[in-house]
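Only one structure is covered here, and it is reproduced in the block below.
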Amino acid sequence: MAGNTNVTDRIPSRIARNTFEIFTMNDFPAPVSNVITLETGVYVLADNLSTPCSFDIAPNAIVEVLAAGFGKLIFYTGTGTMFTSTGGLFLGLERINLDLSGNGAQLLDLDGPSLLVRLMRAEFTGTGGVLGTVVNAGESALLSISQFIDFADGFSFDSSPRVQFEDIEFTTNDTGSTPVISTGSGVPDFNADNLRFDAGVSEALFDIDPALSGSAIIDHIHNENDSDFFAAGSLDEADPRVLVSTSPPQKSSANKAGGFVNLNGTATTGIVNGVFQDCVFGTAGVALTETADTERWQMTDEINGTFEFLGAFPFNGYISSDIAISSSGVLTGWRIKYLIDEGSGFVDLDDLVEMLVFSANATGTASHLLPLRCVPGTLLKPQITRVNGVQVPTIMNYVMNAFASQGVI
């Protein structure tokens, strides 16, 4: 395994000197029966990875997995649980994108570790999919500024002194029936602040155990589809231990849907491998099917996909986007990145948020989580280049959302 203590200065004080730079899966410990055991250390992803192997946090280990920059991706192709532990002390997942493509894959099954999840995006592209369980977290479970996309069943927590969610977006695949977030009798305190739910009509958002010994504070919730707020048998706002403040879908929520654009199939031609250029989203004067004029973003240039931020106040937060790219023929890699204009011309966000996606006789999707500050009138647009081959890409659809960590949108 490649070791390098100069990769990052963000090392938890409990981890000491063990920092490992990961370029390929071979830089992790060797798997045994498709399980990679992680001992104490910081594992810094320097490139995108694909693996059928799960990761197990060793007993008494303190582990952090993070990306050297935003946008690094792990494709998990297994059908089991991606991260497991019995007796680990700490697991941190930061600044990474996870694609769980195996049918029925589960994100977490942790017994013992305190949990920190931040600036992470986990998307289930296989059928089914479970966010997972966390029990016996020694200190706390904190999940913040992240997205969980297209899962069937949600999170379950128990025997943990404190569980806290902050600035999270949940989108279910509408096939599950269990609550998105459940807490057992061993969770005395539960906090949820600034969450956006796009859940199925048969799913409840919260299931709080009636044996709660402390309090549940649920604040600034955007319930996109008016799903049941509490599951049957859950504590609810009628109980004095539960404080609920919901946000209507219009003006007061800090989570704002940006827009979906279904494009008219115009190809982006003239691409030179390795040279970024504007994406062609549509032909001038040809109507596109879009809802992007709602809420706080508006498409201002249908040729290159420029969006304008319409909010009345500065916004510190995160932009999530999905761009679906179609091409025919051989497997082709595409790189997507973003430019931002705050009034002085477009500035390249560069490798901080670059994403790699592949397509071949099908559609591939590039997903981003952009840490940005937007002021009224800010413009944002993607650019594309080809990694290999001579294929011509067509941008099929584009989705953009925004959620704030500070300020109002």
Side-chain angles (χ1 to χ4, degrees), residues 76 79-84 91 93 98-100 102-111 113 115-118 120-135 137 140-160 162-187 190-210 212 216-236 242 244 246 255 320 403:
Y76 175 60
T79 57
T81 302
M82 188 172 186
F83 290 95
T84 64
L91 172 62
L93 302 170
L98 305 177
D99 186 310
L100 291 84
N103 292 339
Q106 181 167 318
L107 177 61
L108 301 174
D109 185 6
L110 305 178
D111 185 346
L115 177 67
L116 170 67
V117 173
R118 183 163 49 204
M120 190 185 82
R121 190 180 198 275
E123 180 171 5
F124 293 81
T125 56
T127 59
V130 181
L131 294 181
T133 60
V134 179
V135 299
S140 64
L142 171 62
L143 297 88
S144 67
I145 318 174
S146 298
Q147 292 179 294
F148 302 98
I149 309 297
D150 284 346
F151 57 92
D153 295 322
F155 282 116
S156 176
F157 296 85
D158 206 353
S159 300
S160 305
R162 181 178 178 83
V163 175
Q164 184 163 343
F165 288 82
E166 300 173 347
D167 305 314
I168 305 285
E169 181 176 349
F170 295 94
T171 302
T172 74
N173 61 20
D174 202 15
T175 62
S177 57
T178 63
V180 177
I181 301 174
S182 300
T183 65
S185 60
V187 177
F190 172 73
N191 281 1
D193 185 24
N194 194 23
L195 309 187
R196 177 183 179 272
F197 293 91
D198 186 351
V201 295
S202 62
E203 296 171 288
L205 305 186
F206 300 99
D207 186 2
I208 309 300
D209 195 286
L212 179 77
I217 300 175
I218 301 172
D219 198 15
H220 297 102
I221 305 300
H222 184 115
N223 186 1
E224 185 78 15
N225 297 321
D226 199 25
S227 303
D228 288 340
F229 208 84
F230 291 104
S234 170
L235 285 183
D236 58 26
V242 179
V244 176
T246 62
N255 291 311
S320 67
F403 52 106

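Summarising the geometry, atom OG belonging to S156 is positioned 10.0 Å from atom CG belonging to D109; distances are rounded to the nearest 0.5 Å. Separating the CD1 atom in I221 from the CG atom in L195 is a distance of 4.0 Å, to the nearest 0.5 Å. Interatomic distance, L107 CG to L131 CG, rounded to the nearest 0.5 Å: 6.5 Å. Annotation: the span from N103 atom CG to T127 atom OG1 amounts to 3.0 Å, rounded to 0.5 Å. For the atom pair H222 NE2 and L205 CG, the distance stands at 11.0 Å (nearest 0.5 Å). Rounding to the nearest 0.5 Å gives a distance of 6.5 Å between CD of E123 and CD1 of I149.
With contacts defined as side-chain heavy-atom distances shorter than 4.5 Å, the pair L142/R162 does not qualify.
The two residues P113 and D111 come nearest to each other via the heavy atoms CD-C, 3.3 Å. Annotation for F230 and A204: closest pair C-CB, 3.8 Å, computed over non-hydrogen atoms. Heavy atoms only, all atoms of each residue included: A199 and S227 are closest at O-OG, 3.3 Å. Q106 approaches G132 most closely through the heavy-atom pair NE2-CA, 3.6 Å. In plain terms, the two heavy atoms of V130 and F124 that are nearest each other are O-CZ, 3.4 Å. Of all heavy-atom pairs between A152 and E203, the closest is O-OE2, 3.3 Å.
For S185, there are no side chain to side chain donor-acceptor pair (under 3.5 Å) partners two or more places apart in sequence or in a different chain. For S234, the side chain to side chain donor-acceptor pair (under 3.5 Å) test picks out no residue, with sequence neighbours left out.
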Between F155 and V163, does a side-chain contact (heavy atoms from CB on, under 4.5 Å) hold up when you go through it step by step?
CA-CA 11 Å; F155 282 116; V163 175; over 6 Å; no
May I have the step-by-step check of side-chain contact (heavy atoms from CB on, under 4.5 Å) for D198 and E169, ending in yes or no?
CA-CA 8 Å; D198 186 351; E169 181 176 349; over 6 Å; no
Go through R196 and T171 one step at a time and tell me if the side-chain contact (heavy atoms from CB on, under 4.5 Å) criterion holds.
CA-CA 8 Å; R196 177 183 179 272; T171 302; 4.3 Å; yes
Between I168 and F148, does the side-chain contact (heavy atoms from CB on, under 4.5 Å) criterion hold? Intermediate values first, please.
CA-CA 8 Å; I168 305 285; F148 302 98; 3.8 Å; yes
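In this pair, F197 and F206 present their aromatic rings perpendicular. The plane angle is above 60°, beyond the 30 to 60° band.
Between F190 and the choices I181, L235, D209, I217, the side-chain contact (heavy atoms from CB on, under 4.5 Å) rule is met once, by I181.
Between the side chain of T172 and the backbone N or O of G200 there is at least one donor-acceptor pair closer than 3.5 Å. With hydrogens and angles disregarded, no donor-acceptor distance shorter than 3.5 Å links the side chain of D158 to the backbone of V135.
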